[in-house]
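Single-structure report; data block below.
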Amino acid sequence: MYGKQNWWPARTKFEVVIGAILTQQTSWRNVESAIRNLQRKRLMTVNRLADAPIRTLQTCTYATGFYRQKAQRIRNIAHHLLETTDGNISLLFRKPLEETRAELLSLNGIGKETADSILLYAGNQLILPVDAYTLRVMARVEGRKCSYDSVQSYLERELPRELEVYKEFHALVVEHCKKTCLNVKPDCTSCRVDPCMYRADHCLASDQGTV
DNA sequence: ACCCAGGTGGCCC
DNA sequence: GGGCCACATGGG
């Protein structure tokens with residue numbers, strides 16, 4: 001229905017990291033303006049961002065909301081990358097996936113979804129990010145709330161273990177939910193997708209209750 | 001005047 | 001390990 005999404009929409013790996021922070025609980029439209037602001041000021045590099053005045057970063061990221069937190073966090077992350085990889089982002093992913101994930105999770109402002117998005121889209125690591133949309137859809141399927149870890153392990157077990165599949169799957173869940181709003185309003189009539197597609201009772205039958 | 005957006009961290013029990 | 005809250009602007 002939606003075609004190839006070609007995620008993540010970013011020019012560089014570093015831009016993936018910054019975008020992942022800025023899009024937290026924030027529409028991508030607003031993130032785009034913030035990214036443009038940073039680019040215009042030539043701050044979209046590890047070195048330049050690490051040196052930038054916090055006030056400048058706040059101005060650039062203002063439209064994304066939580067701008068005080070986010071300005072501080074992207075600056076901290078730039079500092080970390082500067083110290084650990086000398087600004088060469090690719091070096092962030094030289095370690096085993098689990099070690100890199102733990103390193104990312106230790107940074108303020110990077111939780112599971114952000115860490116996994118960075119690993120997949122910037123590091124080309126085979127790991128599937130689970131966002132709020134995915135959790136809601138799976139909760140609809142299951143009839144109860146689902147945890148990040150359980151949904152992730154379920155989907156990674158069922159999906160083909162291919163980078164492109166993971167990248168497109170996550171992108172398509174987001175694209176689909178944005179277009180339909182079905183995940184938010186169960187009885188939404190303006191959506192073009194049959195709500196029944198979320199009620200398939202066979203989807204997780206083989207999952208033995210882990211989701 | 002609401003509700004929601006490609007979450008996270010801190011606190012509580 | 002789960003529930004609640006602050007963080008904050010912009011669009012519908």
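Sequence lines set the chain letters: A, B, ... in the order given, protein chains first and strands last, and positions in each chain run from 1.
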- Query: Excluding sequence neighbours, so at least two apart, what forms ring pair (Phe, Tyr, Trp, His ring centres under 6.0 Å) with A:Tyr67?
  - Reply: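 Partners of A:Tyr67 by the ring pair (Phe, Tyr, Trp, His ring centres under 6.0 Å) criterion, ordered by chain and then number, come out as A:Tyr62.
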- For A:Phe66, enumerate each residue passing the ring pair (Phe, Tyr, Trp, His ring centres under 6.0 Å) test, keeping only those at least two apart in sequence or located in another chain.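 Residues passing ring pair (Phe, Tyr, Trp, His ring centres under 6.0 Å) with A:Phe66: none at all.
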Please state how far atom [atom1] in [X] lies from atom [atom2] in [N], giving the value in whole angstrom units.
X	N	atom1	atom2	answer
A:Asp116	B:dG7	CG	C1'	13 Å
A:Ile21	C:dC7	CD1	P	19 Å
A:Lys70	C:dA6	NZ	C1'	14 Å
A:Leu22	B:dA5	CG	P	18 Å
A:Arg68	C:dC7	CZ	C1'	9 Å
A:Gln58	C:dC7	CD	P	14 Å
A:Lys145	C:dG3	NZ	C1'	7 Å

- Query: Partners of A:Leu135 by side-chain contact (heavy atoms from CB on, under 4.5 Å), sequence neighbours excluded?
  - Reply: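 A:Leu135 satisfies side-chain contact (heavy atoms from CB on, under 4.5 Å) with A:Val130, A:Val151 once adjacent residues are dropped.
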- Task: For A:Arg36, enumerate each residue passing the side-chain contact (heavy atoms from CB on, under 4.5 Å) test, keeping only those at least two apart in sequence or located in another chain.
- Result: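 Per chain and number, A:Arg36 pairs via side-chain contact (heavy atoms from CB on, under 4.5 Å) with A:Glu32, A:Ser33, A:Gln39, A:Arg40.
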- Query: Which is true for A:Phe66 with a 4.0 Å heavy-atom rule: it touches a base, it touches only sugar-phosphate, or it touches nothing?
  - Reply: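 Result for A:Phe66 = base.
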- Task: Answer yes when A:Lys167 and A:Glu162 have at least one side-chain N-carboxylate O distance shorter than 4.0 Å, and no when they do not.
- Result: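 A salt bridge is absent here (no side-chain N lies under 4.0 Å from a carboxylate O).
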- Does the side chain of A:Thr85 pick up a donor-acceptor pair with the side chain of A:Asn88 at under 3.5 Å?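 A:Thr85 vs A:Asn88: no donor-acceptor pair found between side chains.
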Which pairs pass ring-ring contact (aromatic ring centres under 6.0 Å, His included) with one or both residues in [range], sequence neighbours excluded?
range	value
residues 101-127 of chain A	A:Trp8-A:Tyr121
residues 68-89 of chain A	none
residues 92-112 of chain A	none

- Task: Summarise protein proximity over nucleotides 8-13 of chain B in one line of letters, 5' to 3': B for base, S for sugar-phosphate only, - for none, counting protein heavy atoms closer than 4.0 Å.
- Result: SS----
[atom1] atom, [N] versus [M]: distance in rounded Å?
N	M	atom1	result
C:dA8	B:dG10	P	15 Å
B:dC3	C:dC4	P	16 Å
C:dC5	B:dC4	P	15 Å

Listing time: all N or O pairs from protein to nucleotides 10-12 of chain C that are below 3.5 Å?
{"from": "C:dG10", "atom 1": "O4'", "to": "A:Asn30", "atom 2": "ND2", "distance (Å)": "3.1"}

